[in-house]
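Let me begin by presenting the structure, written as structure tokens, before commenting on it.
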Amino acid sequence: MSGLILNAFGNALTISANMGSAVWTASAVNYSRWFNVNVGILLFIIGFLNTVTNQILIKHWDWPRFVGEIAYVCFFSYFVSLFVTVFNSFGIGALPIIIRAVLSCLGIVFFCIAISLYQRANILMHPNDDTTNILRFFYLRKSAVAAQLVDFIPPIVAMIVSFAVTKNLYAVNVGTIFSILFNGLIIQTADKYVWPKLKHNFKTLSQNPSEDN
């Protein structure tokens, strides 16, 4: 639960600071503006699609994984919407641009640490973070950096489509560039220095626990 709240807190901070969000969050913000839908609903839809994608990537249907990830994304979407409302009430969006840029990058660091913790625990996680875990250990030789970069392709394409139609681009700024460049590195660093005794127990295709750390 602490990982979920820290993840939602970090994502909401980037949204309220309005100096660039993580790529998936930025894509949700753009589509929420396009279709005039609450960003929490868009985050749920994205999470559901990620959950289905994960079942395809692991090459078999895993009901506990599916149900757990849907439950996670329900709570995550709610907490993001809640934190955005709170941060907006504090006037974060009206702060000087330098402070908002720092807060946006700090939000990214927060949710990357959260991702590191619950990916290693491998009990319950956001479906998108499970996607990067699957890519990392099944397909990309345990590289968190490569997994994050591959995972960025769908939301970037989605934002290109949104921009082509609306001619507007939201939540893409300094924080987005910071996320693209450093997401994987921050997660990989947190794996080593934030609660280092917590090891990856993710199972590979051979069903042996990963020993990435």
Side-chain angles (χ1 to χ4, degrees), residues 1-33 37-51 53-54 65-93 95 100-133 144 148 151-152 154-155 158 170-173 175-176 178-180 182-184 186-187 190-191 194-195 198:
M1 178 61 76
S2 58
L4 184 156
I5 293 175
L6 184 60
N7 189 7
F9 181 93
N11 273 281
L13 187 57
T14 66
I15 293 172
S16 294
N18 196 28
M19 284 298 293
S21 301
V23 180
W24 280 100
T25 306
S27 68
V29 170
N30 278 277
Y31 278 77
S32 73
R33 297 291 186 94
V37 176
N38 182 279
V39 69
I41 294 175
L42 267 298
L43 288 171
F44 175 81
I45 293 172
I46 289 171
F48 178 81
L49 294 175
N50 285 146
T51 302
T53 299
N54 293 341
R65 189 187 219 116
F66 182 86
V67 173
E69 290 179 0
I70 291 296
Y72 184 102
V73 81
C74 287
F75 286 107
F76 174 77
S77 303
Y78 169 78
F79 279 115
V80 169
S81 295
L82 177 64
F83 282 130
V84 166
T85 300
V86 172
F87 290 147
N88 287 345
S89 71
F90 289 159
I92 285 181
L95 292 173
R100 288 191 290 116
V102 171
L103 288 175
S104 184
C105 293
L106 187 61
I108 289 164
V109 171
F110 283 151
F111 72 67
C112 283
I113 292 173
I115 291 168
S116 167
L117 291 172
Y118 61 62
Q119 280 187 337
R120 280 179 281 159
N122 195 28
I123 298 172
L124 189 65
M125 70 181 82
H126 190 285
N128 180 243
D129 300 320
D130 192 28
T131 303
T132 59
N133 234 13
Q148 286 290 316
D151 185 61
F152 287 153
Y170 302 99
V172 176
N173 208 306
T176 314
F178 181 84
S179 176
I180 291 172
F182 297 112
N183 253 40
I186 295 170
I187 292 169
D191 286 351
V194 179
W195 198 357
L198 181 63

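The first residue of the sequence shown is numbered 1, and numbering continues consecutively from there. Below, all heavy atoms of this structure are taken into account, side chains as well, without hydrogens, waters or symmetry copies.
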Next on the checklist: Checking F152 against S179 for the side-chain contact (heavy atoms from CB on, under 4.5 Å) test, could you report, in this order, the C-alpha distance in whole Å, the side-chain angles of both residues, the deciding distance, and whether it holds?
Outcome noted: CA-CA 10 Å; F152 287 153; S179 176; 4.1 Å; yes
Next on the checklist: To the nearest 0.5 Å, what is the distance between OG1 on T132 and CD on Q119?
Outcome noted: 4.0 Å
Next on the checklist: Quick check on side-chain contact (heavy atoms from CB on, under 4.5 Å): which of N183, V23, I180 does Q148 satisfy it with?
Outcome noted: N183
Next on the checklist: side-chain contact (heavy atoms from CB on, under 4.5 Å), that's the test. Do F75 and I5 meet it? Break it down for me.
Outcome noted: CA-CA 9 Å; F75 286 107; I5 293 175; over 6 Å; no
Item to check | Heavy-atom pair of closest approach, residues A26 and S21 | outcome: N-CB, 3.9 Å
Checklist outcome for this item: Rounded to the nearest 0.5 Å, the CG atom of L95 sits from the CG atom of N18 at a distance of 11.5 Å
Checklist outcome for this item: Of all heavy-atom pairs linking N50 and H126, the shortest is OD1-CE1, 4.2 Å
Checklist entry - With distance as the sole test, does T51 use its side chain to make a donor-acceptor pair with the main-chain N or O of G47 at under 3.5 Å? => result yes
Next on the checklist: When you measure from the side chain of N11 to the backbone of A22, do you find a donor-acceptor pair of N or O atoms at a distance under 3.5 Å?
Outcome noted: no
Checklist entry - Are any side-chain N or O atoms of T85 and backbone N or O atoms of S81, one a donor and one an acceptor, separated by less than 3.5 Å? => result yes
Next on the checklist: Test your reading of the model: is there a side-chain donor-acceptor pair from S104 to the backbone of G20, 3.5 Å cut-off?
Outcome noted: yes
Item to check | Main-chain N/O of A171 paired with T176 side-chain donor or acceptor, under 3.5 Å | outcome: yes
Next on the checklist: Just verifying a value: how many Å separate W195 CH2 and L117 CG, rounded to the nearest 0.5 Å?
Outcome noted: 7.5 Å
Next on the checklist: For a quick test of reading the model, state the closest non-hydrogen atom pair linking A12 to F83 and the distance between them.
Outcome noted: CB-CB, 3.3 Å
Next on the checklist: Using a 6.0 Å cut-off, check whether atom CZ of F48 has over 12 heavy atoms from anything other than its own residue.
Outcome noted: no
Checklist entry - Do the side chains of L103 and M19 get nearer than 4.5 Å, heavy atoms only? => result no
Next on the checklist: With side-chain contact (heavy atoms from CB on, under 4.5 Å) as the criterion, how do D129 and W24 come out once you've worked through the C-alpha distance, each side chain's angles and the decisive distance to 0.1 Å?
Outcome noted: CA-CA 11 Å; D129 300 320; W24 280 100; over 6 Å; no
Checklist entry - How close do G68 and L124 get, heavy atom to heavy atom, and via which atoms? => result O-CD1, 3.0 Å
Checklist outcome for this item: In this structure, CD1 of I187 is separated from CD1 of I115 (nearest 0.5 Å) by 4.5 Å
Checklist entry - Which atom pair, heavy atoms only, marks the closest approach of A8 to F79? => result CB-CB, 3.6 Å
Checklist entry - Given I108 and F182, is the side-chain contact (heavy atoms from CB on, under 4.5 Å) satisfied, shown in steps? => result CA-CA 9 Å; I108 289 164; F182 297 112; over 6 Å; no
Checklist outcome for this item: Rounded to the nearest 0.5 Å, the CG atom of D130 sits from the OH atom of Y118 at a distance of 10.0 Å
Item to check | Gap between atom CD1 of I46 and atom CD1 of I41 - 0.5 Å precision | outcome: 12.5 Å
Next on the checklist: Under a 3.5 Å distance rule, please check whether S16 uses its side chain to pair with a backbone N or O of L13 as donor and acceptor.
Outcome noted: no
Item to check | Closest approach of Y72 to G3 (non-hydrogen atoms, all atoms of both residues) | outcome: OH-O, 4.1 Å
